[in-house]
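Structure first, commentary second.
Every chain is numbered from 1, with letters handed out A, B, ... down the list of sequences. FYI, side chains are in, hydrogens and waters are out, and symmetry mates aren't considered; it's all heavy atoms of this structure.
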Protein chains: 2
Amino acid sequence: MERGMAATEGGGGVPAYRGAAREVAARILAGDIGPGGRVPSERELAVEYGISRMTARSAIRLLEKRGLVERRGRSGTFVSAPKIEIDLSSVAGFSSRLLRQGISPGAEVVEARTVPASEIDARGAESLGVSADEAVHVLVRTRTGNGEPLALEESHFPARLCPDLLERDLTGSVYDVLRESYGLDPAHLRQEVEVTQLDTDAAEKLGVRADVPILRVVRVAWDAERRPIEFARDLYRGDRLIFVSDTEQTSEEG
Amino acid sequence: MERGMAATEGGGGVPAYRGAAREVAARILAGDIGPGGRVPSERELAVEYGISRMTARSAIRLLEKRGLVERRGRSGTFVSAPKIEIDLSSVAGFSSRLLRQGISPGAEVVEARTVPASEIDARGAESLGVSADEAVHVLVRTRTGNGEPLALEESHFPARLCPDLLERDLTGSVYDVLRESYGLDPAHLRQEVEVTQLDTDAAEKLGVRADVPILRVVRVAWDAERRPIEFARDLYRGDRLIFVSDTEQTSEEG
DNA sequence: AATTTAATTTGGTATATACCAAGCGGTATG
DNA sequence: CATACCGCTTGGTATATACCAAATTAAATT
């Protein structure tokens, strides 16, 4: 077999790496390997399917992209656990969302500082309706579920609405703190969800590999008086979380 | 330079492919290459950064994962266009969502058949509340915007609610057809959004490469009487679309 | 039996190379 | 000017190989 010719093998012109991926996926979906179970190594798959190790890697990479498996550096490749649901239709915070699914939430403050609005990105400043010299709290946290890193949050709050926010305990729900300490009750969220990828810095802060699939959520929160109280850019693990939206038709529609 | 040793080069132990990706990303973000503009080829990048072509590919793959570039087979790699917003908070159909953004929507029926519910997946049958022998319409369509493929939809409708649905013109809004012809008015949606990957079959139907980032939306639609009228599994291009959710706090929250 | 050390396995990074098919641009011809 | 053909470029698929560091397992020692 000459190099590069295998693309014509496998019946129907299916590249070798896709054929191998399909067969491994079938094993997983058949329950032969359960959640958390070990998938054969790259070298094992190469021998088993008569392909090169690099081709076996491409097969595993494809399964990873599909969310069927996750790779742990130097340990092996394992079948992914079921995903955690995050409800987009609710203003409930991340912590309460996890608790509802019996998952123990955690949060760790990575950075907490107060800066003039000129130092945050223009969209953030505009969304919060703050002028360039106005103070803004910047809070960066990692979020975990049952000790496993799930998200990296970067939130911005206008300091004039919650002056000493960063002096409080911020390892729980920030929305609770805003509510109880400042009378700021999140009442309306706008959230944009898109596919993206971690850069090295974010991967390090979150404590996961840089090539984990990521969903970015850009969020603006308003209180009942329609004051903008938070602008956030969050990075969620697409391999562990699924977003759910429940929508009702209002009388304006149709 | 020995093979495999470059991982220690580049200052601070940054792998070569990540360094190159960072520099190309900087060029894109600086506006040196605008939307639709051509990114240097793998071979050009290899020469420019003194790396192997395979390493240059890894760099481009990383940029692709971040949604900054898109690759067109044998043509080159280009900076991605701005993304189209899809509103999760509305029951408006895909077509009207595109029209609101000045984009010309299109739809093409790929498959249309009526089968007993035993032949669709169990979750679909359960969501629609149909028994195994009950007839279900299966409609598979590709959706385009300005002629460009954007989504592959697979929808299921209980035939008893819309008996001759598949005989109608289904190249426009199906929700309009349900409304006007059967008095079925979609009033409530539940949509789950997650990261996934196209298989070869879906890639072919949609007419895009199999490794385009994909967001899968699993949807159930109910009418005003709370009858389930649609179960759908849609595949949207994550490189071209962004999902937006607007959320109001109801009086129950608290 | 528990702990420590050594050996093996594993994914990660990287190079070099080969071949293919599709896309695009340039050139020649009518 | 329009069309057809050709050559070059490009990403896609694949092999072989090297080396590294982290994780796991096996073996040795206490």
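- In summary, Arg74(B) and Glu42(B) do not engage in a salt bridge, as defined by a charged side-chain N under 4.0 Å from a carboxylate O.
- A cation-pi geometry, defined here as NZ or CZ lying under 6.0 Å from the six-membered ring centre and within 45° of its normal, holds between Arg72(A) and Phe78(A).
- Residue-level contact check: Ile60(A) touches neither bases nor backbone, having no heavy atom under 4.0 Å from any strand.
- For the pair Glu148(A) and Arg237(A), the salt-bridge criterion is met [side-chain N within less than 4.0 Å of a carboxylate O].
- Ranking dT15(D), dG11(D), dT10(C) by closeness to the Met54(A) side chain, first place goes to dT15(D).
- Residue Arg43(B) contributes atom CZ, which lies 7 Å from atom C1' of dT9(D) at whole-angstrom precision.
- Rounded to whole angstrom, the span from the CD atom of Glu64(A) across to the C1' atom of dG11(C) amounts to 11 Å.
- Salt bridge absent: Arg233(A) and Glu154(A) never bring a charged side-chain N and a carboxylate O closer than 4.0 Å.
- Salt bridge present: Arg219(A) and Glu230(A) bring a charged side-chain N and a carboxylate O closer than 4.0 Å.
- Residues Tyr49(A) and Tyr17(A) keep their aromatic ring centres 6.0 Å or farther apart.
- For the OP1/OP2 pair of dG11(D) and a distance below 4.0 Å, the side-chain nitrogens and oxygens of Thr77(B) include at least one atom meeting the criterion.
- Nucleic acid contact for Arg61(B): none, since no nucleic acid atom lies under 4.0 Å from a heavy atom of the residue.
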Between the protein and nucleotides 22-27 of chain C, list every N/O to N/O distance that falls short of 3.5 Å.
from: dG23(C); atom 1: O3'; to: Ser75(B); atom 2: OG; distance (Å): 2.8

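- In terms of position along DNA chain D, the nucleotide closest to Pro40(B) lies nearer the 5' end than the nucleotide closest to the other residue of the pair Pro40(B) and Thr55(A).
- Between Glu70(B) atom CD and dG12(D) atom P the separation is 12 Å, expressed in whole Å.
- Applying the 3.5 Å distance criterion, the base of dG12(D) shares a donor-acceptor pair with the side chain of Arg53(B).
- Listed nucleotides: dT10(D), dA14(C), dG12(D). Nearest to the side chain of Glu42(B): dG12(D).
- Not a single donor-acceptor contact under 3.5 angstrom links the side-chain atoms of Arg71(A) to the base of dG12(C).
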